[in-house]
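Here's the structure we're looking at; comments come further down.
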2 protein chains.
Amino acid sequence: MPVTKGTTIDPERTRAAILQAATPLLYQRGLDGIGVAELCARIGVSKETLYRHFGTKDGLVAAMLEVRSQRVSDWLAAAVAAAGEDPADQLAAIFDALRQWHEEPTFRGCAVVNAAAQHHDQTVRAITARHLDRYLGLLTDIAERAGAAAPAALARQLLILVEGATVVAAHHRTTGTADQAREAALILLATATATPPGS
Amino acid sequence: MPVTKGTTIDPERTRAAILQAATPLLYQRGLDGIGVAELCARIGVSKETLYRHFGTKDGLVAAMLEVRSQRVSDWLAAAVAAAGEDPADQLAAIFDALRQWHEEPTFRGCAVVNAAAQHHDQTVRAITARHLDRYLGLLTDIAERAGAAAPAALARQLLILVEGATVVAAHHRTTGTADQAREAALILLATATATPPGS
DNA sequence: ATGAGATCGAACCGATCGGTACGATCTGCG
DNA sequence: CGCAGATCGTACCGATCGGTTCGATCTCAT
């Protein structure tokens, strides 16, 4: 929300406020499910202000996806960092964090992946690819620290579990999806680290 | 395409033709990415005909999602049936079929799940839930025939892998996603069937 | 031959879309 | 004080949206 009527102390603040307020609206209603006019009305900002900051509705969408992707990744990385040294504990912490996310009443799947399912344009696809890369980096670190025989392959399997759990939790009414994914992840981790071929 | 100008031999044929022609258009462009006018023009049918058969754009979308869901499920079931008796072979066959699907140049993820990511209305959500139920039924059969200790839990883990592989294949440029999911699925199957608790 | 019904093509509807323009207002800086 | 610029509110733009209507055309069954 623009702090007052005229110039706020910091235009950058307005931009951030718009992003923060627009994110849940675009997430809940879908990128095409809410128009710019209603968006501005709910945010409490004029269209001119929004367009000066983001140029285009797509520009706003791209900016908000970027922020969202970074925030989620940071959140998962923090969960890993808080889980101690054991790679298995770190992996479990990721899926515990996912469960927490999935249980939020407003949960509707991953905003970034949902966006890619709607807009097939190149910008959104690139953001989504980077988003998955962030996840993959996190999981690769864990796989490497665990001493997996093929860390990259294991990390991709774990990424499939993370994304699969999110999709299933979003679209299928069943409880404990994240827990089942967690169990599967730990089995894959144990299998990939056991019996190193040359030992 | 309506076979001729006036009454076709069978109006049911027209309905099916509309569905078949509309499906790839809605899939490629997104449900909101193409309007009814252009849709009708590309299909080669008048708006009046489309609206008489489906009542609403949402009606068309629902009908096409239903058909699509059934077709994909049947296709996977056929792959299972062709894989012989061994549950592990049947499971592997599912992921081989997925890989084949993911490699199609027009692949953009699962149409049903994508639709749920766009339209949050109740109808689409119900279709998507049933879609996942179909997958789950297929996987539960395999888990039971394999003698898994907890077939339902294993089936859900496999469902997570199926959906996860599809999402990752759609949005992340990496090869062999289905193969990695397949390997993970076989590990989970082996783990779930080994060491029956009371033996 | 006639009538029922399916279809076309095009015109038409009100609503909404993304985006722009404008005059007024307010703030911070020099 | 006065200017630059950020913001508001509103009106406006052309385009497109989903959906309806109508007259003409064609097929089939009677």
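Worth saying up front: this structure is predicted, and the values here are computed from it rather than measured. Note that these values count all heavy atoms, side chains included, but never hydrogens, waters or copies made by symmetry. In what follows, every chain begins at residue 1, and chains take the letters A, B, ... in the order their sequences are listed.
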Query raised in the report: Would you say a side-chain N or O of Thr56(A) is under 4.0 Å from OP1 or OP2 of dG18(C)?
Result: no

**Report entry** Between dG5(D) (P) and Arg15(A) (CZ): distance, integer Å
**Finding:** 19 Å

**Report entry** Residues within residues 28-42 of chain B bordering DNA chain D, heavy-atom distance below 4.0 Å
**Finding:** Gly35(B), Val36(B)

Query raised in the report: Of the nucleotides dG19(D), dT7(D), dG9(C), which has the atom closest to the Ser46(A) side chain?
Result: dT7(D)

Query raised in the report: What is the distance, rounded to the nearest whole Å, between atom CZ of Phe54(A) and atom P of dG19(C)?
Result: 13 Å

**Report entry** Toward the 5' end of DNA chain D, by each residue's nearest nucleotide, Asp58(B) or Glu12(A)
**Finding:** Glu12(A)

Query raised in the report: With no hydrogens and no angle check, do the side chains of Arg68(B) and Thr23(B) hold a donor and an acceptor under 3.5 Å apart?
Result: no

Query raised in the report: Once you round it to whole Å, what is the distance between C1' of dT7(C) and CD1 of Ile43(B)?
Result: 14 Å

Query raised in the report: In terms of side-chain geometry, is the basic nitrogen of Glu66(B) or Arg130(B) positioned less than 4.0 Å from the acidic oxygen of its partner?
Result: yes

Query raised in the report: Taking atom P of dT20(C) as reference, at what distance in whole Å does atom CG of Leu50(A) sit?
Result: 12 Å

Query raised in the report: Using a distance-only test with no angle check, is there a side-chain donor-acceptor pair under 3.5 angstrom linking Asp74(A) and Gln70(A)?
Result: yes

Report summary line: Contacts satisfying salt bridge (Lys or Arg N to Asp or Glu O under 4.0 Å) that involve residues 37-52 of chain B (not counting sequence neighbours) are Arg29(B)-Glu38(B), Glu38(B)-Arg42(B)

Requested in this report: Would you kindly say whether Arg156(B) and Thr177(A) are connected by a side-chain donor-acceptor distance under 3.5 Å?
Outcome: no

Requested in this report: Check the pair Glu183(A) / Arg99(A) against salt bridge (charged side-chain N to carboxylate O under 4.0 Å, His left out), numbers first and verdict last.
Outcome: CA-CA 12 Å; Glu183(A) 185 193 347; Arg99(A) 174 173 46 75; over 6 Å; no

Report summary line: To the nearest angstrom, the OH-C1' distance between Tyr51(B) and dG9(C) comes to 16 Å

Query raised in the report: Quick one: Lys47(B) NZ to dT7(C) P, roughly how many Å, whole number?
Result: 17 Å

Query raised in the report: Glu48(A) CD to dT25(C) P: how many Å, rounded?
Result: 16 Å

Requested in this report: Examine dC8(C): is either OP1 or OP2 under 4.0 Å from a nitrogen or oxygen in the side chain of Thr49(B)? Give yes or no.
Outcome: yes

Query raised in the report: OP1, OP2 of dT7(D) versus side-chain N and O of Thr14(A): anything below 4.0 Å?
Result: yes

Report task. Take the protein atom CZ of Arg52(B) and the nucleotide atom P of dG19(D), then report the distance between them rounded to whole Å. Result -> 16 Å

Query - Crowding at CD, Glu104(B) (>12 non-hydrogen neighbours, <6.0 Å) - result: yes

Report task. Look at the side-chain N and O atoms of His53(B) and state whether any lies under 4.0 Å from the OP1 or OP2 oxygen of dT7(C). Result -> yes

**Report entry** hbond_proxy Lys57(A) side chain to dG18(C) base (donor-acceptor, 3.5 Å cutoff)
**Finding:** no

